[in-house]
Amino acid sequence: MPTSEQQPPQPAARIIPPQKPRTLRDSLWTGLKWTLTALFLVYLIASFQRTEFNLYTLISGGKDIKRVMYDLAHPDFSWVERDAGGEVVLSRKTGQPKPGTVPVLLDEMNETVMMSLVGTLLSVLLSFPLSFLAARNLTKGSVSGQIAYNSVRFIFNVLRAFPPIILAIIFVFMVGPGPFPGVLALALHSIGMLGKLFSEAIESVDLAPVEAVRATGASNNLIVWFGILPQVLPQFVAFSLYRWDINIRMSIILGIVGAGGIGFLLDQYIRLFQYQKASTCFLIILVAVTILDWGSSWLRERMG
Amino acid sequence: MSDAVFQTTGLGLTYPDGTRALDSVDFHIRPGEVVSVIGRSGAGKSTLLRCLNGLLVPTDGSVQFRGKEVHSTPEHARRVRRSVGMIFQSFGLVPRVSVLNNVLIGRAGQVGLWRGLFYHWTDEEKQLALRCLSRVEILEQWHKRPRELSGGQQQRVAIARALCQQPAVLLADEPVSALDPATARVVLDHAVRICREDGIAMIANLHSVSLAKEYGDRIVAFRQGRVFFEGLPAELTDEVLREIYGEHYADF
C-alpha cells in the first residue's frame with residue numbers, strides 16, 4: 001500500500017532571491033567604474049604610440065642583425081690569446097702565453113660572485129640589528145620606540161628607493177671604478193630590502209613564547225633573543241640567501257657602469273662589436289647563474 | 001594579611017578600549033596556598049594574573065608582593081617576575097629551541113646579557129634545569145624540539161621552566177584548557193604536587209569547576225571583573241555557580 005511517505009518528493013518551489021537594493025551610491029560607483037575603464041583604455045593606446053611600438057620596424061631590422069647573430073652563434077672559446085696569424089701571444093713581462101677569452105671571463109665572473117657575496121654579507125650584518133627597531137610590535141608603546149621605528153623605516157625606504165645602478169654610478173664617482181663601488185651599491189640597496197623583510201618577519205612572530213619569556217623577568221634584550229630570534233632565524237637565513245641570489249644577477253649589471261666584474265667586459269665587447277667574445281660572456285653568465293640558482297634553492301629548502 | 005605573598009587592594013584595570021576588566025578587587029594568597037580562580041571568559045581572571053606579576057599595569061589600586069608595591073617602578077616589576085613563575089594555556093615554549101634550553105630560559109631573568117646571548121649556562125643551572133625536568137617526569141625528552149612533544153608534555157616542560165626560576169608563586173593561566181581531561185589531571189597533579197612539596201603558592205585559573213574544587217584550598221570566583229565569591233570548595237554551591245555561569249549551568 002503506497003503511503004504518503006513513499007510518494008516521490010514534490011519538486012521544491014523555485015527560489016527567487018529578494019531584490020538586491022540599488023542605491024544612488026551603487027549607480028554612481030557603476031558610472032565611475034566605466035569611466036575609469038574607458039580612461040585606462042585610452043591611456044593604453046597612447047602608451048603604444050608613445051613607445052613607438054611597430055612590428056614592421058622590428059621585422060625589417062632583422063637583416064641588419066645577421067652579422068651579429070652569426071658572431072653570437074660562434075662564441076670565442078680560446079684559452080690563450082692568438083694574433084691575426086694564429087700565433088700564441090706571449091706576455092711581455094712573464095714570457096708565458098697571454099690568457100684568452102675564457103680564463104679572463106672566468107676570472108671576472110668570479111669577481112662578480114665575490115662582489116655579491118661581500119655586498120650581501122655587509123647588508124645582512126647591518127640590517128639585522130636595524131630590523132628589530134623597524135618592527136612595529138617591538139617599538140610601540142614608547143616615544144623613543146616610535147622615533148626609532150619611524151626613522152629606521154624611513155632609512156629603509158630611502159635605501160630601497162635608489163636602484164643599485166644609480167648607487168653604483170654615484171660610488172664609481174666617489175671611489176673610482178672597480179669592484180668596490182659595486183659592493184657598496186649592492187650592500188646599501190640590500191639593507192633597505194632585507195631590513196624590510198626581516199622586520200616583517202619579526203612582526204609576524206607568535207607572541208605566546210615572547211610573553212612567557214617576559215614573565216621570567218628577563219630584560220628586553222633577552223626577551224628578543226630568547227623569545228623572538230629562534231622564531232625568525234630560519235626566515236632570516238632564507239631571505240639572506242635569496243638576496244645573495246638576486247645580488248649575483250644584479251652585480252653583472254653593475255659592471256656596465258664601471259663597478260667591476262664580468263658586466264664591465266660584456267659592455268666593452270658590445271661597444272667594440274666583439275660579439276663572439278660577448279657571446280662567450282653570455283654563456284658563462286648563464287652557466288654561473290644557473291649553478292648558483294640551483295645551489296641557493298637547494299640550501300633554502302634545507303633551511304626552511 | 002601581613003604574611004600574604006600577593007595582596008591586592010582596590011585593584012582595577014580599564015583597557016585602552018574602555019573595557020573594565022577588573023574592578024576594586026581585593027585578593028590575597030598566602031605562602032604555599034593553592035587558590036583556584038573560576039569565572040566566565042572575560043571575567044578578569046587572566047587580567048588578574050598579569051597584574052600580579054606586572055605584565056599589565058593596573059589603572060587603580062595596588063598590588064603588593066611580600067609587602068612591597070609591584071608597580072612602583074618597571075625595574076621592580078621585573079624583579080618580582082623573577083620570583084613568580086607562570087604557565088599559559090598555549091604553553092609558550094620557544095620553537096626550534098631544545099626542551100632543555102627552553103627550561104633554562106626560565107633563568108633568563110637571572111643571567112646577564114652576555115651569558116644569555118651565548119646560551120652560556122653554568123653547571124648548577126644545567127643541573128637545576130635537569131632536576132626540574134625529572135620532577136615533571138619528562139627528562140628523557142630533554143634534547144627534543146617542543147613541536148615533537150604532545151600538548152601535555154609541552155605543558156610539563158613549561159612547568160619545568162617556571163620551576164627553574166625557583167619561584168615563590170606559580171601563576172597558571174588556564175593551564176589545562178587545551179588538553180584532554182585525562183592529560184589535564186596529569187599536568188595539574190604535577191604542578192600542584194611540586195608546589196605543595198616546595199611550599200610554592202599557586203594561583204590557577206580554571207574553566208573546569210570540578211578541577212578547581214579538587215585542587216584548590218580556596219576558590220575565588222570572578223564575575224564581570226569583580227570578586228563574586230570567595231571560600232572553601234565545599235562552600236561553592238550550585239546556586240553560586242548558577243550566579244557565575246548563568247541559568248544554563250549544568251555540573252561540569
Side-chain angles (χ1 to χ4, degrees), chain A residues 124-125 128-133 135-146 148 198 200-241 299-304, chain B residues 16 46 49-50 52-57 74-98 101-119 145-146 154 157-158 161-167 170-171 173 178:
Chain A
V124 169
L125 291 179
F128 175 76
L130 286 175
S131 62
F132 289 92
L133 298 176
R136 172 118 259 164
N137 52 346
L138 301 188
T139 50
K140 68 177 174 211
S142 77
V143 178
S144 55
Q146 281 299 306
F198 284 180
E200 277 168 7
I202 295 167
E203 281 169 2
S204 64
V205 293
D206 177 9
L207 287 177
V210 181
E211 192 186 29
V213 178
R214 203 156 105 80
T216 68
S219 64
N220 286 334
N221 288 322
L222 285 182
I223 293 171
V224 169
W225 192 256
F226 288 136
I228 293 180
L229 199 63
Q231 297 194 53
V232 296
L233 204 56
Q235 288 182 72
F236 277 21
V237 173
F239 287 144
S240 305
L241 283 172
L299 253 178
R300 258 182 288 141
E301 267 168 37
R302 257 136 210 86
M303 290 297 182
Chain B
S46 297
L49 294 195
R50 281 165 179 74
L52 293 181
N53 73 351
L55 289 178
L56 283 175
V57 182
E75 289 73 31
H76 184 66
R78 225 187 95 196
R79 271 198 295 281
V80 170
R81 280 203 285 280
R82 290 178 196 166
S83 321
V84 180
M86 190 164 182
I87 57 176
F88 305 84
Q89 179 177 355
S90 55
F91 321 132
L93 298 182
V94 183
R96 296 192 190 85
V97 171
S98 72
N101 270 326
N102 258 294
V103 175
L104 282 161
I105 285 173
R107 304 300 297 171
Q110 272 92 349
V111 298
L113 177 64
W114 290 104
R115 284 219 290 127
L117 291 185
F118 291 101
Y119 283 77
R145 304 282 175 272
Q154 290 193 40
V157 174
R161 172 172 63 190
L163 291 176
C164 201
Q165 289 176 240
Q166 299 179 306
L170 177 66
L171 307 178
D173 189 17

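So that the names make sense, note that chain A is the first sequence line, chain B the second, and so on, each numbered from 1.
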| Closest heavy-atom pair and its distance - B:G92, A:A212 | O-CB, 3.4 Å
| task | Give, as side chain, backbone, both or neither, the part of B:V84 having an atom under 4.5 angstrom from any heavy atom of chain A. | result | backbone
| field | From CA spacing to verdict: side chain to side chain contact (heavy atoms under 4.5 Å, CB included), B:Y119, A:W225 | value | CA-CA 10 Å; B:Y119 283 77; A:W225 192 256; 3.6 Å; yes
| query | Side chain, backbone, both or neither: which part of B:L93 has an atom under 4.5 Å from a heavy atom of chain A? | reply | backbone
| query | Considering residues at least two apart in sequence or located in another chain, which fulfil the salt bridge (charged side-chain N to carboxylate O under 4.0 Å, His left out) criterion with B:R50? | reply | A:E211, B:D173
| field | B:R81 side chain to A:A215 backbone, donor-acceptor under 3.5 Å | value | no
| If you round to the nearest 0.5 Å, how far is OG1 of A:T216 from CG of B:N53? | 10.5 Å
| task | State the CG-CD distance between A:L222 and B:Q110, to the nearest 0.5 angstrom. | result | 11.5 Å
| said: Counting only non-hydrogen atoms closer than 4.5 Å, does B:R161 touch chain A with its backbone (N, CA, C, O), its side chain (CB onward), both, or neither? | reply: side chain
| Considering all heavy atoms, the nearest B:R78-A:G217 contact | NE-O, 2.9 Å
| field | Engaged part of B:V97 at the chain A interface, taking heavy atoms whose separation is under 4.5 Å | value | side chain
